[in-house]
J.: 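Pasting a structure here, questions to come.
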Amino acid sequence: MPLRALARVDLGAIERNARRLAATAGPAALCAVVKADAYGHGMVPAARAAQAGGASWLAVATAEEARGLREGGIEGPVLVMGALSPEEVAVALAARADVLAWREAFVAALPGDGDVGVHVKLDTGMGRLGTRDPDEATRVAEAVAARDGLRLAGAMTHFATADDDPEFLAEQLAAFTPWARSVKAAHPEVLVHAANSAATLREPAARFDLVRCGIAVYGMDPFHEDPAAHGLEPALTLVSYVAEVKDAQPGQSAGYGRRFVAERPTRIGTLPIGYGDGVRRGLTNNADVLIDGRRVPLVGTVSMDNITVDLDGADLAPGAEAVLIGAQGGKRILAEEWARRLDTINYEVTCGISARVPRVHTA
Ligand SMILES: Cc1ncc(COP(=O)(O)O)c(C=O)c1O
C-alpha cells in the first residue's frame with residue numbers, strides 16, 4: 001500500500017550540490033546550513049551527505065539543532081548562528097558548537113572553561129543580529145582573543161539582498177571587508193565568512209575563507225527561478241497517490257466551499273495529502289500534480305488531509321503515484337513553482353512540509 005504522503009530525499013543530489021558549491025567557492029571552504037531540519041530535508045542525513053560532498057563546516061540556528069547533529073553522530077565543526085540565552089549557550093557548548101557574539105557583556109558571560117570557538121558578527125545591513133558598530137565588533141573580538149578558554153574563530157556578516165539587489169550587496173561588502181581585513185591582520189587564524197548561496201554564486205569577492213550555503217545545497221535556486229541554471233539538482237520529491245477515482249457530473253462539486261464545480265463530466269482523483277502535510281491552502285485551484293506522466297490541475301479547496309485533481313478523463317486505477325513536487329515522466333514541478341503561485345520563496349515551501357510527512361532518504 002503506498003504511503004499517503006511522502007518526501008523522498010535524494011542524498012546523492014545533496015552530495016553533488018555540495019561538491020559543486022565547494023568547487024565554485026574554492027579555495028574558500030563550504031559550510032552547509034542545515035537548520036530547520038535541513039530546510040525540511042532531514043537534518044542528520046542531509047548533513048552527512050553535505051559532508052560527503054565536501055562541506056567542512058555545518059551551521060544551524062539553534063542550540064538544540066547542534067545537539068541533534070551530535071546525537072545523530074555528526075562530527076566536525078558546527079556553528080550556531082542564532083541568538084542564544086544562557087541556557088541555550090550551555091546546550092550549544094555541550095554540543096561542541098561554536099557560537100556568535102557581538103556584545104562584550106555576552107562574551108564576559110560565556111563560560112570560558114574549554115575551547116569555545118566564537119565568531120564575531122558585524123551587522124552591515126541585515127538589521128537583525130550583530131553590532132552595526134565596527135569598533136564595538138573589534139572590541140568584542142579582542143575580548144574573545146584575550147580570554148582563556150575562548151578562541152576567536154570567525155569574523156562574519158550576513159547579506160540581506162544577495163538574491164535580488166546586487167547594489168546593496170556591494171554596499172554591505174564594502175562595509176564588511178575593511179573590518180574583516182583588520183581582524184584577520186591581527187588574528188590570521190580567524191575565518192572570515194559572509195556569503196549565503198546567492199552571494200556565493202554571484203559575487204566571488206564575498207567568498208572570503210568560508211561560504212555558508214543552505215538553499216543551494218538542497219538543489220533549489222537562490223534566485224527563485226531554475227536550479228538547473230546553476231547546475232543544482234532538487235533533492236526533494238513530494239509524493240502522494242490517487243486513493244479514489246470518481247466521476248463528477250456537471251453541477252457536482254469537489255471539496256469545502258464548492259470552489260470547484262464540474263462544468264462537464266470530469267474524472268476526479270482524490271489524493272490523501274493536504275495542508276496538514278504542507279500543501280498550503282493557497283494552492284486551491286492553483287497548482288498542478290504529475291500523475292501518469294501528465295500534468296493535471298488541482299481542483300477545489302485544499303483540505304487538511306486531502307486534495308482533489310482533475311484526472312482529465314484518464315482511466316486510472318486507485319494507487320497511481322502522484323508527484324506534487326519533483327519529476328515524473330520527463331515533466332517536473334519545482335518548489336520554485338509553488339513559491340510563485342503562493343507569493344513566497346522556495347525556502348518556505350520545503351520548510352513547510354510538515355512533520356507528519358515521513359522523509360525517506362535514498363543514496
Ligand atoms: C546567517 C545565515 N547564513 C547563511 C544562511 C544560508 O542562506 P541560503 O539558504 O540563502 O544559502 C542563512 C539562512 O538563512 C543564515 O541565516
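Counting starts at 1 for both ligands and their atoms, in listed order.
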J.: So among Arg294, Arg341, Arg332, Lys331, which one has a salt bridge (Lys or Arg N to Asp or Glu O under 4.0 Å) with Asp288?
T.: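 One option only clears the test, and that one is Arg341.
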J.: Is there a side-chain contact between Val289 and Val309 (heavy atoms, below 4.5 Å)?
T.: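 Yes; the side chains approach each other to less than 4.5 Å.
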J.: Does Asp164 have any salt bridge (charged side-chain N to carboxylate O under 4.0 Å, His left out) partners at least two apart in sequence or in another chain, and if so, which?
T.: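 Not a single residue meets the salt bridge (charged side-chain N to carboxylate O under 4.0 Å, His left out) criterion with Asp164.
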J.: Can you sort out the partners of Arg267 under salt bridge (charged side-chain N to carboxylate O under 4.0 Å, His left out), two or more places apart, ordered by chain and number?
T.: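 Checked Arg267 against salt bridge (charged side-chain N to carboxylate O under 4.0 Å, His left out); matches are Asp247, Asp315.
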J.: Taking non-hydrogen atoms within less than 4.0 Å of ligand 1, which protein residues qualify?
T.: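 Near ligand 1, by chain and number: Val33, Lys35, Tyr39, Met81, Arg128, His158, Asn196, Ser197, Arg212, Cys213, Gly214, Ile215, Tyr347.
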J.: Any salt bridge linking Asp123 with Arg128? Criterion: basic side-chain nitrogen under 4.0 Å from a carboxylate oxygen.
T.: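 Between Arg128 and Asp123 there is no salt bridge, as every charged N stays at least 4.0 Å from the carboxylate O atoms.
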J.: Who pairs with Asp148 by salt bridge (charged side-chain N to carboxylate O under 4.0 Å, His left out), at least two apart in sequence or on another chain?
T.: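 Partners of Asp148 by the salt bridge (charged side-chain N to carboxylate O under 4.0 Å, His left out) criterion come out as none, since no residue qualifies.
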